[in-house]
Amino acid sequence: MKSILDYETVSLIDEDDALEIIDQTLLPGKIEIIRLHTAKEIWDAIYLLQVRGAPAIGVSAGMGLYLLMKHSKAQSYDEFMKELDEKSDYLNSSRPTAVNLSWALKRMKAHVEKVYAKMSPRDGVSGSFSDAVRPKLIDEMRDECQRIKQEDIDVCRRIGEYGVTLVKDGDGILTHCNAGQLCACKYGTATAPMYLAHEKGYNIKVYCDETRPLLQGARLTAFELHSAGIDTTLLCDNMSASLMKSGAVNVIFTGCDRVAANGDAANKIGTSMVALAAKRYGVPFYICAPTSTIDINTPTGADINIEQRKPEEVTEMWYKERMAPEGINVYNPAFDVTDNELIAGIVTEYGILHAPYDEAIRKLFSEIKK
Ligand code: MRU
């Protein structure tokens, strides 16, 4: 029988002009694959977390932008780029914290600019913009968004290879939210070391925080790890400190939505609480982040825009009946920032970064540029 791991989180169905996703709001009860065609459908799917997690949002935005430009009628390059900017800005407004969203949109635009710059008439491009240039730019957009997806799979695998060096046979591993296959295209980020440890035959025990209010840990991480045959235990968010104190947790891996240039890391609300308890109980806390999640233009965690979400997610969603008084004030930030001094290392596809993070990040980015 097919398991959740056999489905693609995000795919491009070019012949139907569609972005295909698993509707993650229905998991684990129902695996429903849906196709998104319009800008509004793609925007809503990202906002409503039908597709979610930093890397998957990035891939969706890249593919979405391609689909929205595929039937462009622009008659000149300037018109084409104006339309691209408008569509890109719209998609980018769906969720503010995960930098992968704007990263993928910027990458798509930069690719179009690069291709166009090489297409001067002397290089043999003839014909009008609409007959020759526009179709070429659109083809290139399709290839670029597919590359973003393929790279995501490779990057997560490499994060797993570095991350698994931090795991020993028999370890207890804690994670928060879902930074698994469902938030990326395969392996996930924080779960990549777990999948690789499992592949190696290590006897690991994974603890998943349920992750209030949207329960990504319970609905998604516990579901996918359990489906993979990994020994998985679910706990409420307010139980992780006592679990750490009991000695059951040897290492913690979480994902990340944006790492600032100084190593402060925004991730799902509750992550910083986990990191604080980990410090107290001497458990190493690692952030797993592809370099597409590191934002060198954001100096510190204080500069990260934290998404605020609807009160209903706290008061009534997931309950049969409302569980809080009508009219109550609700504090519902979707993410928090873990201070860099609480982080034992940032596991990237190029290796594990250690403090001082500002230096380590600067060095990594200057080496990648070469
Ligand atoms: O609100 P979500 O479900 O999109 O939040 C997801 C997380 O916080 C993940 O940990 C993060 O995006 C990293 S995914 C590799």
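Sequential numbering from 1 along the given sequence is applied to the chain's residues. Counting convention: from 1, in listed order, for ligands and their atoms alike. The structure presented is a predicted model; accordingly, all values stated were derived computationally and were not measured.
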Using heavy-atom distances only, which candidate in Q181, K268, E307, Q24 approaches atom 1 (O) of ligand 1 most closely?
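Considering heavy atoms of Q181, K268, E307, Q24, the nearest to atom 1 (O) of ligand 1 sits in K268.
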
Please determine, by modelled atom types, if [X] and [Y] share a side-chain donor-acceptor pair under 3.5 angstrom.
X    : Y    : result
H226 : D231 : no
T97  : D257 : no
S72  : E83  : yes
D336 : S272 : yes
D17  : H71  : yes

Numbering as shown, the atoms of ligand 1 that approach [X] to under 4.0 Å (heavy-atom distance):
X    : answer
Q216 : 1 (O), 2 (P), 3 (O)
A54  : 12 (O), 14 (S)
C256 : 11 (C), 13 (C)
T189 : 15 (C)

Would you confirm whether W103, through its side chain, and A98, through its main-chain N or O, come within 3.5 Å as a donor-acceptor pair?
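Not at all, since once roles are kept as given, no pair shorter than 3.5 Å links the two residues.
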
Say whether, by atom type as modelled, one donor and one acceptor occur between the side chain of E313 and the main chain of N332 under 3.5 angstrom.
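Looks like no, no N/O pair under 3.5 Å.
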
Nearest protein heavy atom to [atom], by residue and atom, and its distance?
atom                    : answer
atom 14 (S) of ligand 1 : C183 SG, 3.1 Å
atom 4 (O) of ligand 1  : R95 NH1, 2.7 Å
atom 9 (C) of ligand 1  : N267 OD1, 3.4 Å
atom 3 (O) of ligand 1  : R52 NE, 2.6 Å

Heavy atoms, side chains only, cut-off 4.5 Å: are L353 and I361 in contact?
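L353 vs I361: side chains touch.
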
Looking at F335, does the NZ or CZ of R95 lie under 6.0 angstrom from its six-membered ring centre and within 45 degrees of the ring axis?
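The answer is no, since R95 fails at least one limit relative to F335.
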
Considering distance alone, does some N or O of G255 sit under 3.5 Å from an N or O of ligand 1?
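No, since none of the N or O atoms of G255 sits under 3.5 Å from an N or O of ligand 1.
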
Is there at least one pair of N or O atoms, one from D257 and one from ligand 1, spaced under 3.5 Å apart?
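Indeed, backbone or side chain, D257 has an N or O that close.
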
Where do Q150 and C145 land on the side chain to side chain contact (heavy atoms under 4.5 Å, CB included) test, with the steps shown first?
CA-CA 9 Å; Q150 190 50 48; C145 68; over 6 Å; no

I'd like to know if [X] contacts ligand 1, where contact means a heavy-atom distance under 4.0 Å to any ligand atom.
X    : value
C177 : yes
A334 : no
P55  : yes
N178 : yes

